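Protein chains get the first letters and strands the later ones, always in sequence-line order, with residue 1 at the start of each. Fair warning: this is a prediction, and the values are worked out from it, not measured in the lab.
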Amino acid sequence: MNDIENIQLSAVKLEDNTYRITTKAKVDDLAASIQQIGLIHPPLIKQTASAGYVIVSGFRRIAACMYLGWKEIPTRVLDADIDDARCVSYAIADNALQRPLNLIEISRSIALLSTVITDDDALAETASKLGLPADPGLNRKIKKICDLATPIQDGILANTISLAMALELAKFDANIGVAFAKIFAQLKIGLNKQRELIVLLDEIAHRENTTIENLLNEKDIRQILDDDNLDRAQQRQRIREYLTQRRFPTISRTQHEFKKQIKNLELDHRMALVPPKDFEGSSYTLRLSFSGVSELEELQGKLDRIIQSKGLAKFLSK
Amino acid sequence: MAITKLYIDQRVQDFPETLSIQSRLNLPATVVTNCQDVFDYVLSSKDPILKAKQTLLLTCNNGAFIKNCPGTRCYTCCDYKILHIGTFCHLDCTYCILQSYFHPPVLQYFVNHQHLLAQMKNLFAQQQITRIGTGEFTDSMIWELWTDLSSLLVPAFADQQYATLELKTKTTAIEGLKSLRHNHKTIAAWSLNTHRVITREEHSSASLTARLNAAAKCASWGYPLAFHFDPMVIYEGCEKEYKQVVQQLFSTVDPGRIVWISLGTLRFMPALKKIIQKRFPESNIIYGEFITGLDGKMRYFKPSRIELYRSMVSRIRELAPHVCIYLCMEDNDVWKESLGFIPDDYGGLPRMLDERAIQHCQLDPKGLIGK
Ligand code: SF4
């Protein structure tokens with residue numbers, strides 16, 4: 001590694017993110033620390049063939065020094081003709097061996113590594129030496145993550161989107177993936193509910209010959225999502241109910257009718273009338289809870305009311 | 001879909017059937033000592049199911065040629081038997097359950113016909129009314145292009161009095177039936193569907209008109225007929241379109257020739273959903289209002305099934321009051337609501353169908369004794 005060299009910050013190409021691993025953009029905390037105790041680890045930069053330097057590692061340190069108004073900065077400078085594979089290794093090692101990387105950073109590291117190593121197994125071997133996952137299959141998946149739209153990556157960083165979900169979102173057009181990411185962030189729903197939402201919307205889109213994008217822009221759905229009077233739990237429930245009804249209109253109607261019948265029956269709290277699952281079987285179950293014969297007798301009258309209910313009889317004969 | 005690759009199990013390479021099929025297919029053959037090689041070949045493809053439809057393996061059936069139809073206790077089963085002459089199919093229906101039934105699926109044709117005939121002989125010797133078909137693990141008639149299957153089976157059934165053979169198809173490959181001595185013991189049967197379902201979901205199959213014309217031809221050759229509205233697909237406007245199919249059926253075919261008509265709505269194992277999504281992304285067939293049935297299969301919501309059955313039954317009865325209609329894999333509720341009776345009113349579904357077979361296929365009623 002070369003000696004420490006002071007260089008002009010104006011000569012650093014700040015817009016070149018080729019080797020950027022970190023996802024952290026804020027620098028005020030780091031700037032405060034540098035101001036107090038100085039820059040302990042000089043950033044690693046590489047001379048370019050034209051003029052100036054690109055950052056290999058130390059993006060935040062350089063940004064913090066700029067923030068502090070420094071004109072010059074101590075750095076270690078790599079020659080312009082250095083092997084790119086070495087620069088990549090330095091960039092990854094400087095991050096991965098010093099702190100735990102988040103999923104986006106791991107993805108960026110693997111994507112970066114794949115620019116210099118094409119064979120999956122060789123990549124996995126190098127990755128493991130650099131503190132990254134050693135599973136080629138997993139790496140192939142993770143690599144895609146850093147290409148996803150920013151809101152999806154934000155969701156991953158905020159833990160509202162898992163790797164599994166991110167990979168599912170990657171299959172959609174970018175704008176749909178982003179729309180889902182925003183809804184997940186808003187409703188704060190876990191993986192299973194996220195999947196349910198996607199499946200419902202996808203299947204409704206198929207049934208109605210429209211697109212998920214159109215559905216998400218529909219008034220009824222927007223109204224639920226944009227209603228400030230509803231809290232998160234209410235929004236979750238409303239959206240789920242709405243989509244389920246739309247996906248399964250006949251089943252929902254029947255369930256609704258059954259609930260209406262139950263309501264009309266004004267069942268005693270010790271009684272429960274349970275339909276067959278999905279109304280598929282033919283047996284309904286009536287449960288009675290009682291603690292003595294007198295209580296059972298009391299329920300007998302209520303049972304008679306159920307038997308005589310015309311509405312229920314009509315419903316059951318359908 | 002054309003066969004592009006032929007494998008021959010070494011054990012059957014000198015069988016006359018093998019040589020005949022090979023020359024009719026006019027394809028170079030690869031002889032294998034281990035059928036796993038064929039499965040591996042199919043599995044190495046990006047779409048093993050499609051590959052399996054283009055790859056024919058001539059082999060022998062080491063097990064039973066006659067099997068019971070895999071019904072379930074939860075729904076009324078017709079007690080049908082399967083004549084297991086081969087597996088899979090080169091038509092490509094989106095909903096075909098065989099896609100998820102065989103692991104992996106391979107188009108296999110069993111050429112050890114001596115065993116097949118011996119097992120059929122045993123079946124006939126039982127002297128019990130039997131309804132048996134080749135169209136459960138394959139389409140019955142796809143084999144006509146390269147084999148002499150119908151000329152083997154039809155006369156064999158013609159020579160006995162107790163069993164009827166049902167050849168169920170979505171093709172028009174019937175010419176081979178024309179000159180066969182059938183003695184009414186073979187029922188020529190077609191799966192019917194709406195024009196929309198046929199064009200969107202039953203890839204490579206014959207059109208409705210072609211199927212019905214083929215049926216009329218078979219009727220003119222004296223064959224009893226059967227029709228299966230299965231799987232019926234529920235979509236907006238389906239009732240009207242299914243009724244039009246019924247109308248077209250009876251304007252092409254004499255109802256007096258029909259042994260039975262079955263009705264069944266789409267049902268499938270949950271695993272098939274992913275396969276359909278992957279192989280037929282343009283198909284919307286899996287996005288109906290399905291629930292998980294008592295047998296674990298996905299099926300339409302019961303009231304929706306009843307509604308469609310009812311309208312079909314009423315239309316069929318209007319046009320052909322005496323035709324036997326039955327439901328495939330439904331419970332008594334659905335029977336009662338759709339047809340107005342339950343099979344037990346007539347001694348059970350197997351009995352109902354046996355009696356139809358006796359009547360139309362001229363079977364010996366003594367075959368009902370002890371059943
Ligand atoms: S014709 Fe029958 S066996 Fe052939 S693909 Fe269609 S459903 Fe499957």
Query raised in the report: Does Glu289(B) reach the main-chain N or O of Ile251(A) with its side chain, forming a donor-acceptor pair under 3.5 Å?
Result: yes
Query raised in the report: More than 12 heavy atoms of other residues, nucleotides or ligands under 6.0 Å from CZ of Arg270(A): is that the case?
Result: yes
Query raised in the report: CZ of Arg253(A) to CZ of Phe301(B): how many Å apart, nearest 0.5 Å?
Result: 9.5 Å
Query raised in the report: Do you know which of Thr254(A), Asn209(A), Asp202(A) has the most heavy-atom pairs with chain B at a distance under 4.5 angstrom?
Result: Thr254(A)
Report summary line: Correct closest heavy-atom pair for Lys302(B) and Phe279(A) would be CD-O, 3.5 Å
Report summary line: Separation between CZ (Arg207(A)) and CG (Asn284(B)), nearest 0.5 Å, reads 9.5 Å
Query raised in the report: Between the main-chain N or O of Gly288(B) and the side-chain N or O of Arg247(A), is there a donor-acceptor pair closer than 3.5 Å?
Result: yes
Query - Structural part of Tyr235(B) lying under 4.5 Å from a heavy atom of chain A - result: neither
Report summary line: Note: Gly281(A) and Leu294(B) closest approach over all heavy atoms is CA-CD1, 4.2 Å
Requested in this report: State whether the number of non-hydrogen atoms from other residues, nucleotides or ligands found under 6.0 Å of Glu218(A) atom CD is greater than 12.
Outcome: yes
Requested in this report: May I ask you to check whether over 12 heavy atoms, not counting those of Lys141(A), lie within 6.0 Å of atom NZ?
Outcome: no
Requested in this report: Kindly check if the number of other-residue, nucleotide or ligand heavy atoms within 6.0 Å of NZ (Lys168(B)) is above 12?
Outcome: yes
Query raised in the report: For Pro276(A), is it the side chain, the backbone, both, or neither that has a heavy atom closer than 4.5 Å to a heavy atom of chain B?
Result: neither
Query raised in the report: After noting the C-alpha distance and the side-chain angles of Arg305(B) and Glu280(A), does the key distance pass the side chain to side chain contact (heavy atoms under 4.5 Å, CB included) rule?
Result: CA-CA 11 Å; Arg305(B) 306 200 304 268; Glu280(A) 177 60 21; 2.9 Å; yes
Report summary line: Distance col, row Lys277(A):NZ vs Thr292(B):OG1, nearest 0.5 angstrom, shows 5.0 Å
**Report entry** Euclidean distance, Glu236(B) CD relative to Glu208(A) CD, rounded to 0.5 Å
**Finding:** 10.0 Å
Report task. Locate the shortest heavy-atom distance separating Asp333(B) from Ser282(A); write the atom from each residue and the value. Result -> OD2-CB, 2.9 Å
